[in-house]
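Proteins come first, then strands; the chains are lettered A, B, ... in the order of their sequence lines, and each starts at number 1.
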There are 2 protein chains.
Amino acid sequence: MDIKNSLKYIPLFKGLFDRQIEELSKIAMRYSFLKGKIIFSEGDEADGFYVLLSGRVKIFKVSRDGKEQILHIIEAQEPFGEVPAFAGKRFPANAEAIEDTIALFFPRESIIQLMKNDPSIALNMLALLSQRLRQFTDLVEGLSLKEVPQRLAAYMLLISEREKTDNIELNINKKQLASLLGTIPETISRILAKMVVKNLIDVNGKRIKLIDKRALEELAYGAKLDIQ
Amino acid sequence: MDIKNSLKYIPLFKGLFDRQIEELSKIAMRYSFLKGKIIFSEGDEADGFYVLLSGRVKIFKVSRDGKEQILHIIEAQEPFGEVPAFAGKRFPANAEAIEDTIALFFPRESIIQLMKNDPSIALNMLALLSQRLRQFTDLVEGLSLKEVPQRLAAYMLLISEREKTDNIELNINKKQLASLLGTIPETISRILAKMVVKNLIDVNGKRIKLIDKRALEELAYGAKLDIQ
DNA sequence: TATTTCTTTTGACTTAAGTCAATGTGTGTG
DNA sequence: CACACACATTGACTTAAGTCAAAAGAAATA
(Lines give C-alpha, C1' and ligand atoms only; values in the text may rest on other atoms or scores of the structure.)
Protein backbone atom coordinates (compact mmCIF):
# COMPACT_ATOMS: atom_id res chain seq x y z
CA MET A 1 0.00 0.00 0.00
CA ASP A 2 2.49 2.56 -1.19
CA ILE A 3 0.41 5.71 -1.11
CA LYS A 4 3.50 7.88 -1.07
CA ASN A 5 4.68 6.57 -4.38
CA SER A 6 1.29 7.06 -6.05
CA LEU A 7 1.16 10.64 -4.83
CA LYS A 8 4.47 11.57 -6.37
CA TYR A 9 3.15 11.43 -9.91
CA ILE A 10 -0.19 13.12 -9.43
CA PRO A 11 -0.24 16.43 -11.32
CA LEU A 12 -2.09 18.16 -8.49
CA PHE A 13 0.85 17.51 -6.20
CA LYS A 14 3.52 18.52 -8.67
CA GLY A 15 6.17 20.77 -7.19
CA LEU A 16 5.77 19.59 -3.62
CA PHE A 17 8.77 18.56 -1.56
CA ASP A 18 9.19 14.94 -0.53
CA ARG A 19 8.49 16.06 3.00
CA GLN A 20 5.08 17.35 1.99
CA ILE A 21 4.26 14.27 -0.05
CA GLU A 22 5.15 12.25 3.01
CA GLU A 23 2.76 14.32 5.07
CA LEU A 24 0.00 14.01 2.48
CA SER A 25 0.40 10.25 2.38
CA LYS A 26 -0.28 10.18 6.09
CA ILE A 27 -3.52 12.14 5.97
CA ALA A 28 -4.88 10.41 2.83
CA MET A 29 -7.51 7.74 3.32
CA ARG A 30 -7.70 4.97 0.76
CA TYR A 31 -11.08 3.76 -0.49
CA SER A 32 -12.14 1.07 -2.92
CA PHE A 33 -15.37 1.23 -4.87
CA LEU A 34 -16.77 -1.57 -6.97
CA LYS A 35 -18.16 -0.78 -10.41
CA GLY A 36 -21.61 0.73 -10.02
CA LYS A 37 -21.01 2.01 -6.51
CA ILE A 38 -22.23 5.53 -5.71
CA ILE A 39 -19.31 7.46 -4.19
CA PHE A 40 -21.29 10.53 -3.24
CA SER A 41 -24.63 12.09 -4.08
CA GLU A 42 -25.68 15.62 -4.88
CA GLY A 43 -26.42 17.47 -1.67
CA ASP A 44 -24.22 15.31 0.53
CA GLU A 45 -22.05 17.25 2.93
CA ALA A 46 -18.38 17.06 2.11
CA ASP A 47 -15.35 17.63 4.26
CA GLY A 48 -12.72 16.85 1.69
CA PHE A 49 -12.13 15.68 -1.85
CA TYR A 50 -10.88 12.62 -3.73
CA VAL A 51 -8.01 11.79 -6.02
CA LEU A 52 -8.56 8.84 -8.34
CA LEU A 53 -5.78 6.27 -8.32
CA SER A 54 -7.26 3.68 -10.66
CA GLY A 55 -10.53 2.92 -12.39
CA ARG A 56 -12.98 5.53 -13.65
CA VAL A 57 -15.67 7.68 -12.10
CA LYS A 58 -18.56 9.53 -13.68
CA ILE A 59 -19.79 12.83 -12.28
CA PHE A 60 -23.42 13.36 -13.23
CA LYS A 61 -26.76 15.03 -12.61
CA VAL A 62 -30.13 13.26 -12.67
CA SER A 63 -33.50 14.74 -13.55
CA ARG A 64 -36.66 14.01 -11.61
CA ASP A 65 -37.71 11.40 -14.17
CA GLY A 66 -34.35 9.65 -14.08
CA LYS A 67 -32.59 11.06 -17.13
CA GLU A 68 -28.87 11.42 -16.56
CA GLN A 69 -26.38 14.03 -17.75
CA ILE A 70 -22.72 13.20 -17.31
CA LEU A 71 -20.66 16.28 -16.49
CA HIS A 72 -17.28 14.66 -16.46
CA ILE A 73 -15.58 11.29 -16.62
CA ILE A 74 -12.68 11.24 -14.18
CA GLU A 75 -9.57 9.30 -15.17
CA ALA A 76 -6.71 8.10 -13.00
CA GLN A 77 -4.60 10.81 -11.32
CA GLU A 78 -7.38 13.40 -11.44
CA PRO A 79 -8.97 14.84 -8.33
CA PHE A 80 -12.78 14.93 -8.10
CA GLY A 81 -15.43 16.24 -5.75
CA GLU A 82 -13.29 19.29 -5.00
CA VAL A 83 -15.94 22.00 -5.37
CA PRO A 84 -17.36 21.82 -1.82
CA ALA A 85 -13.85 21.85 -0.39
CA PHE A 86 -13.57 25.50 -1.42
CA ALA A 87 -17.12 26.84 -1.73
CA GLY A 88 -20.47 25.82 -0.37
CA LYS A 89 -20.20 22.60 1.53
CA ARG A 90 -22.27 20.14 -0.42
CA PHE A 91 -21.52 18.22 -3.60
CA PRO A 92 -23.27 19.80 -6.58
CA ALA A 93 -23.56 16.48 -8.44
CA ASN A 94 -23.32 12.70 -8.06
CA ALA A 95 -20.28 10.46 -8.45
CA GLU A 96 -20.38 6.78 -9.38
CA ALA A 97 -17.59 4.31 -10.08
CA ILE A 98 -18.03 3.07 -13.67
CA GLU A 99 -15.16 0.64 -13.15
CA ASP A 100 -13.68 -0.92 -10.04
CA THR A 101 -11.96 2.05 -8.54
CA ILE A 102 -9.41 3.04 -5.93
CA ALA A 103 -9.37 6.60 -4.65
CA LEU A 104 -7.69 8.63 -1.95
CA PHE A 105 -9.67 10.99 0.23
CA PHE A 106 -8.06 14.17 1.57
CA PRO A 107 -9.73 16.09 4.38
CA ARG A 108 -10.42 19.69 3.53
CA GLU A 109 -8.62 21.13 6.52
CA SER A 110 -5.34 19.36 5.87
CA ILE A 111 -5.21 20.54 2.29
CA ILE A 112 -6.00 24.11 3.21
CA GLN A 113 -3.31 24.00 5.86
CA LEU A 114 -0.88 22.70 3.28
CA MET A 115 -1.88 25.47 0.86
CA LYS A 116 -1.22 28.06 3.52
CA ASN A 117 2.30 26.72 3.94
CA ASP A 118 3.05 26.20 0.30
CA PRO A 119 1.08 27.96 -2.44
CA SER A 120 2.23 25.64 -5.22
CA ILE A 121 -0.55 23.17 -4.54
CA ALA A 122 -3.06 26.01 -4.53
CA LEU A 123 -1.78 27.10 -7.92
CA ASN A 124 -2.02 23.55 -9.20
CA MET A 125 -5.60 23.38 -7.96
CA LEU A 126 -6.41 26.72 -9.58
CA ALA A 127 -5.08 25.38 -12.86
CA LEU A 128 -7.24 22.32 -12.47
CA LEU A 129 -10.45 24.16 -11.66
CA SER A 130 -9.79 26.55 -14.53
CA GLN A 131 -9.39 23.57 -16.81
CA ARG A 132 -12.74 22.27 -15.60
CA LEU A 133 -14.39 25.62 -16.23
CA ARG A 134 -13.05 25.52 -19.75
CA GLN A 135 -14.51 22.05 -20.27
CA PHE A 136 -17.87 23.17 -18.92
CA THR A 137 -17.81 26.04 -21.34
CA ASP A 138 -17.56 23.54 -24.17
CA LEU A 139 -20.25 21.33 -22.69
CA VAL A 140 -22.66 24.24 -22.42
CA GLU A 141 -21.81 25.34 -25.93
CA GLY A 142 -22.51 21.85 -27.18
CA LEU A 143 -25.81 21.48 -25.39
CA SER A 144 -27.10 24.89 -26.28
CA LEU A 145 -25.62 25.81 -29.64
CA LYS A 146 -24.92 22.53 -31.38
CA GLU A 147 -27.00 19.67 -32.59
CA VAL A 148 -26.33 16.10 -31.66
CA PRO A 149 -24.43 15.14 -34.85
CA GLN A 150 -22.09 18.07 -34.25
CA ARG A 151 -21.47 17.09 -30.65
CA LEU A 152 -20.86 13.49 -31.65
CA ALA A 153 -18.40 14.51 -34.36
CA ALA A 154 -16.58 16.73 -31.87
CA TYR A 155 -16.43 13.87 -29.38
CA MET A 156 -14.98 11.42 -31.89
CA LEU A 157 -12.38 13.93 -33.00
CA LEU A 158 -11.45 14.59 -29.38
CA ILE A 159 -10.88 10.91 -28.72
CA SER A 160 -8.99 10.57 -31.97
CA GLU A 161 -6.71 13.42 -30.93
CA ARG A 162 -6.25 12.12 -27.42
CA GLU A 163 -5.43 8.59 -28.57
CA LYS A 164 -3.50 9.81 -31.61
CA THR A 165 -5.27 7.46 -34.01
CA ASP A 166 -8.06 7.64 -36.56
CA ASN A 167 -9.19 4.23 -35.40
CA ILE A 168 -10.83 5.05 -32.14
CA GLU A 169 -12.34 2.70 -29.63
CA LEU A 170 -15.22 3.79 -27.44
CA ASN A 171 -14.36 3.04 -23.84
CA ILE A 172 -17.89 3.76 -22.68
CA ASN A 173 -21.14 2.21 -23.82
CA LYS A 174 -23.73 4.03 -25.88
CA LYS A 175 -25.90 4.82 -22.90
CA GLN A 176 -23.05 6.64 -21.19
CA LEU A 177 -21.93 8.27 -24.40
CA ALA A 178 -25.46 9.52 -24.92
CA SER A 179 -25.56 10.82 -21.36
CA LEU A 180 -22.25 12.59 -21.90
CA LEU A 181 -23.51 14.29 -25.06
CA GLY A 182 -26.89 15.16 -23.60
CA THR A 183 -28.97 12.79 -25.69
CA ILE A 184 -30.25 9.18 -25.73
CA PRO A 185 -28.77 5.95 -27.13
CA GLU A 186 -31.33 5.68 -29.93
CA THR A 187 -30.26 9.05 -31.29
CA ILE A 188 -26.58 8.07 -31.17
CA SER A 189 -27.34 4.88 -33.10
CA ARG A 190 -29.27 6.72 -35.76
CA ILE A 191 -26.63 9.40 -36.24
CA LEU A 192 -23.76 6.92 -36.42
CA ALA A 193 -25.73 4.97 -39.01
CA LYS A 194 -26.22 8.14 -41.03
CA MET A 195 -22.52 8.97 -40.79
CA VAL A 196 -21.67 5.53 -42.11
CA VAL A 197 -23.99 6.02 -45.08
CA LYS A 198 -22.33 9.36 -45.80
CA ASN A 199 -18.93 7.72 -45.62
CA LEU A 200 -17.66 9.83 -42.78
CA ILE A 201 -16.91 6.87 -40.56
CA ASP A 202 -16.87 3.11 -40.44
CA VAL A 203 -18.29 1.32 -37.41
CA ASN A 204 -17.30 -2.06 -36.08
CA GLY A 205 -18.80 -2.68 -32.67
CA LYS A 206 -17.00 -0.36 -30.31
CA ARG A 207 -14.38 0.55 -32.90
CA ILE A 208 -14.97 3.52 -35.14
CA LYS A 209 -12.72 4.41 -38.02
CA LEU A 210 -12.71 8.09 -38.93
CA ILE A 211 -12.70 8.17 -42.72
CA ASP A 212 -13.46 11.76 -43.66
CA LYS A 213 -11.91 13.83 -40.89
CA ARG A 214 -12.23 17.01 -42.90
CA ALA A 215 -16.00 16.61 -43.04
CA LEU A 216 -16.17 15.62 -39.38
CA GLU A 217 -14.30 18.77 -38.43
CA GLU A 218 -16.64 20.87 -40.51
CA LEU A 219 -19.53 19.17 -38.76
CA ALA A 220 -18.03 19.62 -35.30
CA TYR A 221 -17.53 23.27 -36.05
CA GLY A 222 -21.17 23.74 -36.95
CA ALA A 223 -22.00 22.48 -40.43
CA LYS A 224 -25.13 20.44 -41.05
CA LEU A 225 -25.05 16.68 -41.46
CA ASP A 226 -27.99 16.55 -43.78
CA ILE A 227 -27.34 19.06 -46.53
CA GLN A 228 -27.14 17.21 -49.81
CA MET B 1 -9.36 57.74 -9.09
CA ASP B 2 -9.18 55.92 -5.79
CA ILE B 3 -8.42 52.40 -6.90
CA LYS B 4 -7.13 51.49 -3.48
CA ASN B 5 -10.44 52.17 -1.85
CA SER B 6 -12.39 50.14 -4.41
CA LEU B 7 -10.08 47.19 -3.92
CA LYS B 8 -10.63 47.06 -0.20
CA TYR B 9 -14.18 45.79 -0.51
CA ILE B 10 -13.74 43.27 -3.28
CA PRO B 11 -14.39 39.75 -1.96
CA LEU B 12 -11.50 38.33 -3.96
CA PHE B 13 -9.10 40.51 -2.01
CA LYS B 14 -10.60 39.85 1.39
CA GLY B 15 -8.02 39.08 4.05
CA LEU B 16 -5.18 40.99 2.42
CA PHE B 17 -3.12 43.47 4.39
CA ASP B 18 -3.31 47.16 3.53
CA ARG B 19 0.22 46.87 2.25
CA GLN B 20 -0.86 44.27 -0.30
CA ILE B 21 -3.92 46.25 -1.34
CA GLU B 22 -1.61 49.18 -1.87
CA GLU B 23 0.60 47.07 -4.07
CA LEU B 24 -2.36 45.72 -6.04
CA SER B 25 -3.67 49.21 -6.63
CA LYS B 26 -0.37 50.02 -8.27
CA ILE B 27 -0.38 47.16 -10.71
CA ALA B 28 -4.07 47.43 -11.62
CA MET B 29 -4.98 49.08 -14.90
CA ARG B 30 -8.29 50.84 -15.12
CA TYR B 31 -10.43 50.46 -18.25
CA SER B 32 -13.78 51.89 -19.29
CA PHE B 33 -16.06 50.15 -21.73
CA LEU B 34 -19.20 51.65 -23.22
CA LYS B 35 -22.35 49.55 -23.38
CA GLY B 36 -22.06 47.12 -26.28
CA LYS B 37 -18.26 47.11 -26.31
CA ILE B 38 -16.55 43.73 -26.71
CA ILE B 39 -14.01 43.36 -23.90
CA PHE B 40 -12.43 40.18 -25.16
CA SER B 41 -13.24 37.42 -27.61
CA GLU B 42 -12.98 33.67 -27.43
CA GLY B 43 -9.51 32.61 -28.49
CA ASP B 44 -7.80 35.89 -27.60
CA GLU B 45 -4.57 35.50 -25.71
CA ALA B 46 -4.79 36.68 -22.14
CA ASP B 47 -2.09 37.77 -19.76
CA GLY B 48 -4.30 38.66 -16.85
CA PHE B 49 -7.87 38.98 -15.67
CA TYR B 50 -10.43 41.66 -14.85
CA VAL B 51 -12.34 42.78 -11.79
CA LEU B 52 -15.57 44.63 -12.48
CA LEU B 53 -15.94 47.89 -10.58
CA SER B 54 -19.23 49.11 -12.04
CA GLY B 55 -21.65 48.23 -14.80
CA ARG B 56 -22.33 44.71 -16.03
CA VAL B 57 -20.63 42.28 -18.37
CA LYS B 58 -21.98 39.22 -20.13
CA ILE B 59 -19.78 36.21 -20.76
CA PHE B 60 -21.08 34.25 -23.73
CA LYS B 61 -20.52 31.78 -26.54
CA VAL B 62 -21.72 32.23 -30.11
CA SER B 63 -22.63 29.54 -32.61
CA ARG B 64 -21.61 29.64 -36.24
CA ASP B 65 -25.01 30.98 -37.24
CA GLY B 66 -24.94 33.69 -34.60
CA LYS B 67 -27.02 32.22 -31.80
CA GLU B 68 -25.74 33.28 -28.41
CA GLN B 69 -25.55 31.44 -25.09
CA ILE B 70 -24.81 33.55 -22.05
CA LEU B 71 -22.65 31.68 -19.55
CA HIS B 72 -22.60 34.27 -16.84
CA ILE B 73 -23.59 37.84 -16.12
CA ILE B 74 -20.87 39.51 -14.09
CA GLU B 75 -21.93 42.03 -11.48
CA ALA B 76 -19.83 44.66 -9.72
CA GLN B 77 -17.00 43.39 -7.50
CA GLU B 78 -16.71 40.08 -9.34
CA PRO B 79 -13.62 39.05 -11.27
CA PHE B 80 -14.01 37.78 -14.82
CA GLY B 81 -11.84 36.33 -17.55
CA GLU B 82 -9.76 34.48 -14.96
CA VAL B 83 -9.64 31.05 -16.60
CA PRO B 84 -6.65 31.70 -18.89
CA ALA B 85 -4.73 33.22 -16.02
CA PHE B 86 -4.41 29.74 -14.52
CA ALA B 87 -4.83 27.24 -17.35
CA GLY B 88 -4.50 27.41 -21.09
CA LYS B 89 -3.76 30.90 -22.20
CA ARG B 90 -6.76 31.93 -24.26
CA PHE B 91 -10.22 33.06 -23.25
CA PRO B 92 -12.74 30.25 -23.65
CA ALA B 93 -15.62 32.67 -24.30
CA ASN B 94 -16.50 36.25 -25.18
CA ALA B 95 -17.10 39.20 -22.86
CA GLU B 96 -19.22 42.23 -23.69
CA ALA B 97 -20.22 45.22 -21.57
CA ILE B 98 -24.02 45.24 -21.37
CA GLU B 99 -23.90 48.54 -19.50
CA ASP B 100 -21.28 51.27 -19.37
CA THR B 101 -18.61 49.56 -17.38
CA ILE B 102 -15.43 50.22 -15.43
CA ALA B 103 -13.04 47.35 -14.79
CA LEU B 104 -9.57 46.81 -13.42
CA PHE B 105 -7.10 44.59 -15.18
CA PHE B 106 -4.51 42.62 -13.22
CA PRO B 107 -1.54 41.07 -14.99
CA ARG B 108 -1.24 37.36 -14.43
CA GLU B 109 2.31 37.45 -13.17
CA SER B 110 1.67 39.99 -10.45
CA ILE B 111 -1.22 38.02 -9.07
CA ILE B 112 0.68 34.76 -9.09
CA GLN B 113 3.55 36.46 -7.33
CA LEU B 114 1.13 37.76 -4.75
CA MET B 115 -0.33 34.29 -4.29
CA LYS B 116 3.12 32.89 -3.69
CA ASN B 117 3.64 35.38 -0.92
CA ASP B 118 0.22 35.14 0.63
CA PRO B 119 -2.04 32.17 -0.02
CA SER B 120 -5.23 33.89 1.16
CA ILE B 121 -5.89 35.39 -2.24
CA ALA B 122 -5.36 31.97 -3.80
CA LEU B 123 -7.92 30.50 -1.44
CA ASN B 124 -10.34 33.30 -2.29
CA MET B 125 -9.84 32.59 -5.95
CA LEU B 126 -10.36 28.87 -5.38
CA ALA B 127 -13.64 29.65 -3.66
CA LEU B 128 -14.66 31.79 -6.56
CA LEU B 129 -13.82 29.26 -9.26
CA SER B 130 -15.59 26.56 -7.25
CA GLN B 131 -18.63 28.77 -7.08
CA ARG B 132 -18.50 29.16 -10.84
CA LEU B 133 -18.25 25.41 -11.31
CA ARG B 134 -21.32 25.01 -9.16
CA GLN B 135 -23.21 27.51 -11.30
CA PHE B 136 -22.15 25.74 -14.47
CA THR B 137 -23.41 22.52 -13.01
CA ASP B 138 -26.84 24.10 -12.71
CA LEU B 139 -26.65 25.60 -16.17
CA VAL B 140 -25.83 22.23 -17.70
CA GLU B 141 -28.58 20.58 -15.70
CA GLY B 142 -31.03 23.17 -16.94
CA LEU B 143 -30.02 22.89 -20.58
CA SER B 144 -29.92 19.13 -20.62
CA LEU B 145 -32.49 17.90 -18.13
CA LYS B 146 -35.08 20.64 -17.89
CA GLU B 147 -37.51 22.20 -20.28
CA VAL B 148 -37.73 25.90 -20.84
CA PRO B 149 -40.69 26.54 -18.50
CA GLN B 150 -38.77 24.84 -15.71
CA ARG B 151 -35.65 26.90 -16.33
CA LEU B 152 -37.68 30.07 -16.47
CA ALA B 153 -39.45 29.26 -13.20
CA ALA B 154 -36.10 28.53 -11.57
CA TYR B 155 -34.73 31.82 -12.84
CA MET B 156 -37.63 33.85 -11.49
CA LEU B 157 -37.38 32.16 -8.11
CA LEU B 158 -33.66 32.83 -8.03
CA ILE B 159 -34.18 36.54 -8.66
CA SER B 160 -37.00 36.61 -6.14
CA GLU B 161 -34.71 35.07 -3.55
CA ARG B 162 -31.80 37.33 -4.38
CA GLU B 163 -33.91 40.50 -4.25
CA LYS B 164 -36.01 39.24 -1.36
CA THR B 165 -39.30 40.12 -2.99
CA ASP B 166 -42.08 38.36 -4.88
CA ASN B 167 -42.33 41.37 -7.09
CA ILE B 168 -39.31 40.93 -9.26
CA GLU B 169 -38.00 43.23 -11.95
CA LEU B 170 -36.10 41.87 -14.92
CA ASN B 171 -32.88 43.80 -15.27
CA ILE B 172 -32.13 42.28 -18.66
CA ASN B 173 -34.24 42.28 -21.79
CA LYS B 174 -35.98 39.22 -23.18
CA LYS B 175 -33.33 38.57 -25.75
CA GLN B 176 -30.65 38.34 -23.07
CA LEU B 177 -32.91 36.38 -20.75
CA ALA B 178 -33.55 33.93 -23.56
CA SER B 179 -29.84 33.67 -24.24
CA LEU B 180 -29.18 33.04 -20.56
CA LEU B 181 -31.76 30.25 -20.45
CA GLY B 182 -30.69 28.70 -23.71
CA THR B 183 -33.75 29.58 -25.74
CA ILE B 184 -35.20 32.42 -27.87
CA PRO B 185 -37.33 35.46 -27.00
CA GLU B 186 -40.47 34.10 -28.69
CA THR B 187 -40.42 31.05 -26.45
CA ILE B 188 -40.03 33.21 -23.34
CA SER B 189 -43.01 35.30 -24.39
CA ARG B 190 -45.18 32.29 -24.98
CA ILE B 191 -44.29 30.65 -21.70
CA LEU B 192 -44.79 33.79 -19.65
CA ALA B 193 -48.20 34.18 -21.31
CA LYS B 194 -49.06 30.62 -20.39
CA MET B 195 -47.97 31.16 -16.80
CA VAL B 196 -50.20 34.21 -16.58
CA VAL B 197 -53.16 32.21 -17.83
CA LYS B 198 -52.44 29.55 -15.22
CA ASN B 199 -52.26 32.22 -12.54
CA LEU B 200 -48.70 31.48 -11.55
CA ILE B 201 -47.50 35.01 -12.22
CA ASP B 202 -48.65 38.44 -13.21
CA VAL B 203 -46.70 40.40 -15.79
CA ASN B 204 -46.44 44.14 -16.12
CA GLY B 205 -43.75 45.13 -18.55
CA LYS B 206 -40.45 44.27 -16.92
CA ARG B 207 -42.10 43.61 -13.55
CA ILE B 208 -43.28 40.12 -12.72
CA LYS B 209 -45.30 39.31 -9.64
CA LEU B 210 -44.91 35.75 -8.44
CA ILE B 211 -48.39 34.68 -7.40
CA ASP B 212 -48.21 30.92 -6.91
CA LYS B 213 -44.67 30.31 -5.64
CA ARG B 214 -45.52 26.79 -4.56
CA ALA B 215 -46.42 25.85 -8.13
CA LEU B 216 -43.38 27.67 -9.52
CA GLU B 217 -41.13 25.71 -7.19
CA GLU B 218 -42.73 22.47 -8.26
CA LEU B 219 -42.16 23.50 -11.85
CA ALA B 220 -38.55 24.54 -11.25
CA TYR B 221 -37.94 21.19 -9.62
CA GLY B 222 -39.22 19.31 -12.63
CA ALA B 223 -43.01 19.24 -12.81
CA LYS B 224 -44.79 19.87 -16.09
CA LEU B 225 -46.41 23.19 -16.91
CA ASP B 226 -49.11 21.70 -19.04
CA ILE B 227 -50.72 19.03 -16.91
CA GLN B 228 -54.20 20.30 -16.13
C1' DT C 1 -23.67 -25.05 -25.20
C1' DA C 2 -28.00 -23.18 -23.66
C1' DT C 3 -30.29 -19.49 -21.46
C1' DT C 4 -30.88 -15.33 -19.47
C1' DT C 5 -29.90 -10.59 -19.37
C1' DC C 6 -28.18 -6.36 -21.08
C1' DT C 7 -27.15 -3.43 -25.03
C1' DT C 8 -28.00 -1.75 -29.51
C1' DT C 9 -30.66 -0.98 -33.50
C1' DT C 10 -34.76 0.10 -36.19
C1' DG C 11 -39.43 1.81 -37.01
C1' DA C 12 -43.57 4.57 -36.19
C1' DC C 13 -45.14 8.30 -33.79
C1' DT C 14 -45.19 12.56 -30.73
C1' DT C 15 -43.70 16.81 -29.05
C1' DA C 16 -41.13 20.87 -27.41
C1' DA C 17 -39.33 24.44 -29.19
C1' DG C 18 -37.31 26.63 -33.20
C1' DT C 19 -38.13 29.50 -37.67
C1' DC C 20 -40.25 32.96 -40.26
C1' DA C 21 -43.28 36.61 -40.80
C1' DA C 22 -46.54 40.00 -39.40
C1' DT C 23 -48.16 42.99 -36.05
C1' DG C 24 -48.05 45.54 -31.81
C1' DT C 25 -45.80 48.34 -28.13
C1' DG C 26 -42.48 51.22 -26.27
C1' DT C 27 -38.56 54.32 -26.01
C1' DG C 28 -35.30 57.55 -27.26
C1' DT C 29 -33.70 61.15 -30.62
C1' DG C 30 -33.86 64.83 -33.77
C1' DC D 1 -44.31 65.89 -31.09
C1' DA D 2 -43.40 62.70 -34.53
C1' DC D 3 -40.60 59.62 -36.43
C1' DA D 4 -37.69 55.77 -36.27
C1' DC D 5 -35.82 51.97 -34.29
C1' DA D 6 -35.45 48.42 -31.05
C1' DC D 7 -38.06 45.24 -28.46
C1' DA D 8 -42.04 42.08 -27.64
C1' DT D 9 -45.92 39.34 -28.95
C1' DT D 10 -48.68 36.23 -31.72
C1' DG D 11 -49.71 32.91 -35.37
C1' DA D 12 -48.68 29.27 -38.69
C1' DC D 13 -45.46 26.03 -39.79
C1' DT D 14 -41.20 23.00 -39.50
C1' DT D 15 -38.00 20.11 -37.41
C1' DA D 16 -34.67 17.75 -34.39
C1' DA D 17 -34.84 14.68 -31.34
C1' DG D 18 -37.48 12.32 -27.81
C1' DT D 19 -40.83 8.25 -26.63
C1' DC D 20 -42.42 3.72 -26.94
C1' DA D 21 -42.18 -0.79 -28.64
C1' DA D 22 -40.18 -4.58 -30.92
C1' DA D 23 -36.46 -7.10 -32.76
C1' DA D 24 -31.68 -8.26 -33.16
C1' DG D 25 -27.00 -8.81 -31.20
C1' DA D 26 -23.71 -9.38 -27.68
C1' DA D 27 -22.22 -10.70 -23.31
C1' DA D 28 -22.60 -12.92 -19.04
C1' DT D 29 -24.10 -16.91 -16.30
C1' DA D 30 -25.40 -21.38 -15.56
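Listed candidates were dA17(D), dT10(C), dG18(C). Nearest to the side chain of Ile184(B) is dG18(C). Among the nucleotides dA17(D), dT10(D), dC7(D), the one closest to any side-chain atom of Asn173(B) is dC7(D). Among the nucleotides dG18(D), dA8(D), dG18(C), the one closest to any side-chain atom of Arg190(B) is dG18(C). The side chain of Glu147(B) has dA16(C) as its nearest neighbour among dC20(D), dT8(C), dA16(C).
Protein atom CG of Leu143(B) is 12 Å distant from nucleotide atom P of dA17(C), rounded to whole Å. Atom NZ in Lys35(A) sits roughly 11 Å away from atom C1' in dA27(D) (whole-Å rounding). Here dA16(C) presents its P atom at 8 Å from NZ of Lys194(B), a figure rounded to the nearest Å. Leu181(A) places its CG atom 12 Å from the P atom of dA17(D), with the value rounded to the nearest Å. When the C1' atom of dT9(D) is taken as reference, atom CD1 of Ile191(B) falls 14 Å away, rounded to whole Å. Going from atom CD of Glu186(A) over to atom P of dA12(C) covers 15 Å, rounded to whole Å. Remark: P of dG18(C) and NZ of Lys224(A) are 13 Å apart, rounded to the nearest angstrom. Rounding to whole angstrom units, CG of residue Leu170(A) and C1' of dA26(D) are separated by 15 Å.
Listed pair Lys174(B) / dT9(D) meets the phosphate criterion, a side-chain N or O lying under 4.0 Å from OP1 or OP2. Under 4.0 angstrom from either OP1 or OP2 of dT8(C) there lies no side-chain N or O belonging to Ser189(A). Of the side-chain N and O atoms in Lys206(A), one or more sit less than 4.0 angstrom from OP1 or OP2 of dT8(C). Applying the 4.0 Å criterion to OP1 and OP2 of dG18(D), one finds that Thr183(A) has a side-chain N or O inside that range.
Looking at Thr101(B), its side chain does come within 3.5 Å of a backbone N or O of Arg56(B) through a donor-acceptor pair. Using modelled atom types, no side-chain atom of Gln69(A) and backbone atom of Glu141(B) make a donor-acceptor pair closer than 3.5 Å.
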Pair Phe106(A)-Phe13(A), ring-ring contact (aromatic ring centres under 6.0 Å, His included): steps then yes or no:
CA-CA 12 Å; Phe106(A) 295 90; Phe13(A) 300 130; 5.3 Å; yes
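Between Arg108(B) and Lys89(B) the shortest side-chain heavy-atom distance does not fall below 4.5 Å. Side chains of Asp166(A) and Lys209(A) form no contact here, defined as non-hydrogen atoms less than 4.5 Å apart.
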